[in-house]
S.K.: 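Please find one structure pasted underneath; my questions will follow.
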Amino acid sequence: MINTKRSVAIIGAGTAGLIAARELGKTGISSIVYDQKTRLGVPVRASGIVSINGLRSIGVDYKKSVTNTLYGARLHAGKSAVFIESKRAVAHVLERRHFNELCREQAEAEGARIVLGERVTPSSLNAIGTDNGVVVGADGAVSVVAKHYNMGELRSYVLTYKAEFDVEVQDKGIVDLFFDKEYNGLFGWLCPNSEGILEAGIGIRPGRHGLNSKKVFEGFLHRKEVAGILSKAKILDGQASIIPMRLRRRIVDAGRRVVLVGDAAGQVKPSTGGGIVFGGNAAILAAKTIHRYFDGEAELWDYESFYKSKYGTDTAIHSVVNRIYSGGWAGGIEFGIKAMRFMGIGSLLGRYGDMDSPTKMLKNMIFRKSGTDA
C-alpha cells in the first residue's frame with residue numbers, strides 16, 4: 001500500500017541518524033532530525049577507530065576529521081603478545097565531534113532539517129508518529145523509541161569507560177589490545193588518538209563488578225604495561241558508555257511505521273563494539289527501504305530481513321570471536337596468541353585482514369592465494 005505521508009522523523013543526530021537523513025534526501029524524501037543535545041557529538045562517548053574500507057562504504061567525506069592513521073595492533077594476553085602489522089593503512093582515528101559535523105553538513109545539503117536541544121519524550125513521539133510517514137529511531141543504546149514502541153530490551157551489552165591522556169606517543173600507528181578475565185565483555189585498549197594524545201579504555205559485561213566500569217578502568221591503569229606509559233601522564237577527560245552487542249528482538253514495527261538504526265537497533269560489530277560502519281550501512285539500507293515503501297514497492301519489515309541477509313554472516317562471525325576472547329579463560333586466550341605467533345597468523349591477518357567483513361577477508365585469502373582476482 002502506498003503511504004501518502006512522504007516525510008520521516010529521525011530521533012537522534014548521531015552518525016546513523018544523519019546518514020539516514022542524507023540518503024532519504026537523495027530520494028526526495030523530507031526528514032527532520034531531533035536530538036536532545038545542543039551540540040552534536042558532545043560529550044563524546046564512543047571511540048573513533050574506524051576501518052578505512054568501512055569508512056568508504058558509508059559515503060562520508062571523513063578526511064578532515066582524521067587525527068591519526070593505524071597500521072597494526074599488538075594483542076596482549078598474560079605474558080604473551082602477538083603483533084599484527086600491515087604495510088598499508090587499515091584504520092583511521094576520527095575526531096568524533098568533527099566527524100558528526102561532516103555528517104550533518106551532508107544531511108543538510110540534501111534538505112534535512114536538524115533540530116538540536118529537543119528532548120523527545122514518549123508523549124511527543126505519539127504526535128511525531130502521527131505527523132510523519134515513518135519514524136526512525138537512531139537514539140542510541142538507551143533508546144526512547146525502542147522502549148516506547150516495545151521493541152525489546154538490549155539482549156547483550158557491555159559497559160565501557162575511556163579517557164584521554166596527554167602523553168608522548170611512541171608508536172603512533174599501533175593500537176594495543178589487552179585480553180583478560182577482568183575485561184570479560186570486550187578488552188582493554190591503548191590507542192594513539194593523535195601526536196600527543198593517548199586514549200585508554202576498557203569494556204566489561206555487567207556482572208561481578210556491577211555497573212562500575214570506572215572501577216575496572218582504574219585497575220587497568222595499574223597494569224604493568226599500561227602504568228609504564230601513563231603513570232605520569234595528565235588525564236584530560238573520562239566517559240562511561242553502554243554498547244549493545246546484539247540486535248534487539250525487533251528493529252521494525254511495520255504497523256506503527258517505526259524502524260531502528262545504529263546502536264538503537266544493536267547494529268554493532270560484536271568483536272570490537274564498533275558501530276559506525278554497521279550502523280551507517282544499516283541507515284543507508286533503511287533509507288532505501290523507506291523510499292521503496294513510500295513508492296509501494298516494499299514493506300517496512302523488509303528492512304530487517306535485508307539487513308540480516310547482508311550482514312548476518314559477518315555479525316555471527318564477529319560474535320563468535322567475541323565469545324572466544326571474552327569467555328574469561330585467560331590461559332586459553334594466551335595459548336591462542338602463542339599459537340598465532342608460532343604459525344605466523346599475525347602476518348597473514350596483516351596482509352588479508354578486513355576489520356569489518358571476515359567473509360571478504362576469507363574470500364581475499366582464497367582468491368589471492370590461488371592467483372585469481374577477487
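Below, each value reflects all heavy atoms present in this structure, side chains not excepted, and no hydrogens, waters or symmetry copies.
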S.K.: Relative to each other, are the rings of Tyr161 and Phe217 parallel, tilted or perpendicular (30° and 60° limits)?
M.R.: tilted
S.K.: Please determine, by modelled atom types, if His318 and Ser271 share a side-chain donor-acceptor pair under 3.5 angstrom.
M.R.: yes
S.K.: If you look at every heavy atom in Ser143 and Leu260, which pair is closest and at what distance?
M.R.: OG-CD2, 4.5 Å
S.K.: When clusters are formed from ILVMFWY side-chain contacts under 4.5 Å, directly or step by step, what else is grouped with Tyr71?
M.R.: none
S.K.: Main chain of Arg246, side chain of Ser156: is a donor-acceptor contact present, judged purely on distance under 3.5 Å?
M.R.: no
S.K.: Strictly distance-based, threshold 3.5 Å: is any side-chain N or O of Arg257 a donor or acceptor partner for the main-chain N or O of Asn132?
M.R.: yes
S.K.: Nearest heavy-atom pair of Leu230 and Leu221: which atoms, and what distance?
M.R.: CD1-CD2, 4.0 Å
S.K.: Indicate yes or no: does Arg119 engage Asp139 in a salt bridge with an N to O separation below 4.0 Å.
M.R.: no
S.K.: Hey, is NZ on Lys26 packed in by over 12 heavy atoms from elsewhere, all under 6.0 Å?
M.R.: yes
S.K.: Assess whether a salt bridge exists between Lys172 and Glu195, defined as any Lys/Arg side-chain N lying under 4.0 Å from an Asp/Glu carboxylate O.
M.R.: yes
S.K.: If you count the non-hydrogen atoms of other residues, nucleotides and ligands that lie under 6.0 Å from CZ in Arg249, is the total more than 12?
M.R.: yes
S.K.: Answer yes if the side chains of Ser213 and Thr160 hold a donor-acceptor pair under 3.5 Å, and no otherwise.
M.R.: no
S.K.: Of all residues at least two apart in sequence or in a different chain, which pass the salt bridge (charged side-chain N to carboxylate O under 4.0 Å, His left out) check with Lys64?
M.R.: none
S.K.: Going by the salt bridge (charged side-chain N to carboxylate O under 4.0 Å, His left out) test, which pairs reach into residues 300-312, not counting sequence neighbours?
M.R.: Glu304-Lys308
